[in-house]
Amino acid sequence: MIRILDERIYSDGMKLVTGACAADDVTNLPTAGIVTGSAFVAVDTGTGYLFDEKSSAWVEQ
């Protein structure tokens, strides 16, 4: 399950999001309209992920 806990919309319509998910949901995290610095944590492993706009990918921390 993917849960967005906070979402802030910028004037250009892009969103900064923070959320939580299960590790097996990481490949399904949103990428469209998300800004660099958005963050998710996989609650079952404690692994953090930050979004990189340039590559449109969630990067494991």
Side-chain angles (χ1 to χ4, degrees):
M1 172 184 290
I2 297 170
R3 182 81 63 185
I4 294 179
L5 304 173
D6 188 30
E7 177 178 281
R8 297 169 193 255
I9 300 174
Y10 289 87
S11 60
D12 61 359
M14 299 287 284
K15 298 179 280 187
L16 176 71
V17 297
T18 56
C21 64
D24 58 352
D25 290 325
V26 171
T27 57
N28 297 318
L29 292 177
T31 56
I34 307 294
V35 299
T36 293
S38 292
F40 266 84
V41 65
V43 296
D44 52 340
T45 63
T47 305
Y49 296 87
L50 295 176
F51 189 72
D52 175 23
E53 257 179 278
K54 190 172 185 177
S55 65
S56 288
W58 290 94
V59 181
E60 184 176 328
Q61 300 302 297

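Positions are given from 1, in the same order as the sequence printed here.
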Where do [X] and [Y] come nearest, in terms of heavy atoms and distance?
X	Y	value
A42	A22	CB-C, 4.3 Å
L29	C21	CD2-SG, 4.1 Å
A20	V43	CB-CG1, 3.8 Å

* Do I2 and L5 sit in the same hydrophobic cluster, where Ile, Leu, Val, Met, Phe, Trp and Tyr count as joined when their side-chain heavy atoms come under 4.5 Å apart? ->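 Different hydrophobic clusters.
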* Transitive ILVMFWY side-chain link V26 to F51, under 4.5 Å ->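 In one cluster: yes.
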What's the separation between atom [atom1] in [X] and atom [atom2] in [Y], rounded to the nearest 0.5 Å?
X	Y	atom1	atom2	result
I4	D6	CD1	CG	10.0 Å
Y49	Q61	OH	CD	10.0 Å
E60	T47	CD	OG1	5.0 Å

Atom pairs and distances, donor-acceptor, side-chain atoms in residues 30-40, under 3.5 Å, two or more places apart:
unit_1: T36; atom_1: OG1; unit_2: E53; atom_2: N; d: 2.9
unit_1: T36; atom_1: OG1; unit_2: E53; atom_2: OE1; d: 3.4
unit_1: S38; atom_1: OG; unit_2: V17; atom_2: N; d: 3.0
unit_1: S38; atom_1: OG; unit_2: V35; atom_2: O; d: 3.0

* Is the backbone N or O of A57 less than 3.5 Å from a side-chain atom of D52, with the two atoms forming a donor-acceptor pair by type? ->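 Checking the backbone N and O of A57 against the side chain of D52, no donor-acceptor pair under 3.5 Å is found.
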